[in-house]
Amino acid sequence: MSSSRIITLTSSDKVDFYVNEAVAFQSQTIKDVIGDGCEDKGTLLPNVTSEILSKVIEYCNMHVEAGKLEERSGVDEELKAWDAEFVKVDLDTLFDLIQAANYLNIKGLLDLTCLTVADLIRGKTPDEIRKTFNIEYQFTPEEEEELRRENQWASE
Amino acid sequence: MQNDDICMDVFSRLPIETLLGLKRVCKRWHGILSDRSFVQGLLQRPEPLVGFFFQERYQWAGEDIRTISFIPARMEDTQPIKQTIFSFLPEDVVVLGSCNGLVCCRSVFPSPSPYIIVCNPSNKQWTRLQGTRPDKESSYGLAFNPSQSDTNFKVVRVSQARTDMDDDDSYLSFEIYSSQAGAGAWKKSKEVCQCNDNLVKNKGVFAGGKLQWLTDRDRILSFDVENELSWLISSPFPTSHFTAIPEMCIGESSGGRLHYIMISEDGLHVWALEDYYDSNWSLVHTATLEALEEENSQLLRNTRERVSQRVSIDSLPWMDPLAFKDGLLLMRVSTKMMLYCIETKKMKELCNVSELGRNCIFGPLVIPYSPSLAPLMT
């Protein structure tokens with residue numbers, strides 16, 4: 001079971017990325033497709049651009065490295081801090097990362113990115129949410145009033 | 001932009017309280033949040049406590065008090081009391097119990113045709129249970145443990161009966177209503193429990209698959225709903241040990257574990273039930289009255305003196321634990337309702353008792369509530 005095999009991943013815009021097997025296998029999808037030991041002829045990822053793929057690989061790299069460390073104390077906090085910085089990106093990139101994490105089946109990245117969006121929603125009024133996510137206001141004042149009354153637990 | 005799958009994944013990480021507000025953002029989100037399979041997927045998720053229902057009772061008069069207050073339980077900010085939560089029901093009710101988002105109640109008395117109603121205040125659905133006229137003396141408990149495929153609930157009615165005219169020989173009998181069985185579905189259980197106690201506080205706490213009531217002889221009546229077995233659990237600490245009379249309550253926390261809270265001259269103690277049949281409790285939290293006062297000096301003064309003054313069971317406790325869920329205790333301290341977080345030992349003033357009505361000092365019904373989107377209509 002070689003752990004130093006290099007896997008080739010090709011983004012939708014035809015850029016090749018060479019990654020360690022351990023890093024590539026953070027994606028359950030890639031792990032399932034490539035399998036054990038057989039020669040890798042390169043994998044095309046038609047749903048992921050090079051910009052996003054490079055970020056995904058950055059995430060997987062960091063988490064593989066962190067997993068290797070013998071000395072565990074402080075690693076978890078550092079990793080959390082790194083993750084927090086990693087997701088400080090614009091909203092479109094964040095959604096692209098969610099899509100990629102979903103397609104590539106990378107649980108940690110999917111959890112991290114979805115939680116980040118959830119945190120952007122939590123505690124905001126509907127108006128603030130519409131602004132954040134660039135959503136058009138669609139309801140009539142009557143509809144808005146009806147919806148407001150429907151929710152028993154709202155603070156306003 | 002986001003597709004529906006991403007939306008659903010993100011939404012599934014937010015509490016129900018937040019999700020209900022998101023329906024107002026746009027039509028697409030409203031659609032996703034109303035989708036039946038999405039709602040079903042959320043049912044098994046444990047929901048945080050959002051507040052307590054509070055309904056006063058007259059000490060002597062036969063009629064019921066109609067006002068039900070909802071006290072939001074938030075440590076970070078203060079939200080106002082709401083008193084119209086149940087206005088979607090066809091009649092005024094008395095709240096009997098709540099479990100995983102559903103609430104069980106009965107028509108207020110006097111009533112020409114009283115009913116037991118099970119409802120969900122989060123989606124305003126309700127259903128009347130056919131088959132038995134509710135009475136004021138019996139105790140009721142609601143058992144609801146939803147899964148993706150099973151949204152059935154059970155209501156248990158506990159009644160006291162005497163074997164003959166001898167007052168000391170009374171026992172408790174149980175009837176069970178199952179929503180699965182359909183109309184007229186009350187079934188008398190073969191199980192009985194030799195017990196003279198009155199079920200006084202914390203009606204029908206559902207923990208670990210069992211409905212539990214605190215009795216006036218400081219025991220806990222437990223009823224295993226699936227297996228129809230009753231059991232009497234002893235309290236973790238003899239109350240006779242104290243000079244001043246302590247006050248207790250029970251509640252569920254830490255995923256289905258029954259907890260027992262006692263406030264006495266020795267302080268605030270919380271036990272968790274370890275072994276059901278041996279009445280084996282472990283002390284999980286303790287704080288002396290002095291420590292509570294030091295941590296919350298703005299809210300508490302002369303605590304020990306006031307708690308120690310209660311030497312008669314007829315006098316009202318100055319500090320009264322009312323209901324407990326998920327690490328949060330609602331208690332009355334003098335004329336204020338406080339929320340106490342056992343993890344941080346911090347107390348928060350929620351409201352004044354006068355906001356809840358004029359009679360609330362004596363034995364009110366206090367029921368913790370966590371919302372759910374569980375449907376009641378098929």
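Throughout, protein chains are lettered first and strands after them, A, B, ... in sequence-line order, and every chain is numbered starting at 1. What you see below is based on every heavy atom in this structure, not just the backbone, and it leaves out hydrogens, waters and symmetry mates.
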Student: Go through B/Thr18, B/Val10, B/Asn123 and name the one with the most non-hydrogen pairs under 4.5 angstrom from chain A.
Tutor: B/Val10
Student: Is B/Ser12 close to chain A through its backbone or its side chain, or both, or neither, when contacts mean heavy atoms under 4.5 Å?
Tutor: neither
Student: What's the separation between atom CG in B/Asp5 and atom CD1 in A/Ile98, rounded to the nearest 0.5 Å?
Tutor: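 One gets 11.5 Å once the value is rounded to the nearest 0.5 Å.
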Student: What option among A/Glu136, A/Arg122, A/Glu146 has the most heavy-atom pairs under 4.5 Å with chain B?
Tutor: A/Arg122
Student: Between B/Pro371 and A/Trp153, what is the shortest heavy-atom contact and its length?
Tutor: CB-NE1, 4.4 Å
Student: For residues 47-54 of chain B, dump all side-chain donor-acceptor pairs below 3.5 Å to protein atoms at least two apart in sequence or in another chain.
Tutor:
| unit_1 | atom_1 | unit_2 | atom_2 | d |
| --- | --- | --- | --- | --- |
| B/Glu47 | OE1 | B/Ile16 | N | 3.0 |
| B/Glu47 | OE2 | B/Arg45 | NE | 3.2 |
| B/Glu47 | OE2 | B/Arg45 | NH2 | 2.6 |

Student: For A/Arg130 versus B/Val25, what's the shortest heavy-atom pair and its separation?
Tutor: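 Heavy-atom minimum between the residues: NH1-O, 2.8 Å.
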Student: Is it the case that over 12 heavy atoms from other parts of the model lie below 6.0 angstrom from the CD atom of A/Glu143?
Tutor: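 More than 12 within 6.0 Å, yes.
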Student: Would one find more than 12 heavy atoms of other residues, nucleotides or ligands at under 6.0 Å from atom NZ of B/Lys336?
Tutor: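 Result for NZ/B/Lys336: open.
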Student: State the CH2-CZ distance between B/Trp29 and A/Phe133, to the nearest 0.5 angstrom.
Tutor: 5.0 Å
Student: Starting at CZ of B/Phe88, measure out to CD of A/Gln152 and round the result to the nearest 0.5 Å.
Tutor: 6.0 Å
Student: Please round to the nearest 0.5 Å and tell me the distance separating atom NZ of B/Lys27 and atom CD1 of A/Ile135.
Tutor: 14.0 Å
Student: Output the distance between atom CD1 (B/Ile6) and atom CZ (A/Phe95), rounded to the nearest 0.5 Å.
Tutor: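 These two atoms lie 6.5 Å from each other.
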Student: Which heavy-atom pair separates A/Glu150 from B/Lys124 by the least distance, and what is that distance?
Tutor: O-CE, 3.6 Å
Student: Do you know which of B/Pro121, B/Pro72, B/Gly21 has the most heavy-atom pairs with chain A at a distance under 4.5 angstrom?
Tutor: B/Pro121
Student: What residue in A/Ile129, A/Asp96, A/Leu147, A/Asn102 has the most heavy-atom pairs under 4.5 Å with chain B?
Tutor: A/Leu147
Student: Are there residues of residues 109-116 of chain A whose heavy atoms fall under 4.5 Å of chain B's heavy atoms? If so, which?
Tutor: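 Listed by number, the contacting residues are A/Leu110, A/Asp111, A/Cys114, A/Leu115.
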Student: Could you grab the distance from atom CZ of B/Arg28 to atom CD of A/Gln138, nearest 0.5 Å is fine?
Tutor: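 Interatomic distance, B/Arg28 CZ to A/Gln138 CD, rounded to 0.5 Å: 10.0 Å.
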Student: Using atom types as modelled, flag every donor-acceptor pair under 3.5 Å from a side chain in residues 337-344 of chain B to any protein atom, sequence neighbours excluded.
Tutor:
| unit_1 | atom_1 | unit_2 | atom_2 | d |
| --- | --- | --- | --- | --- |
| B/Tyr340 | OH | B/His285 | NE2 | 2.9 |
| B/Thr344 | OG1 | B/Lys346 | N | 3.2 |

Student: What residues form a salt bridge (Lys or Arg N to Asp or Glu O under 4.0 Å) with A/Asp90, not counting sequence neighbours?
Tutor: none
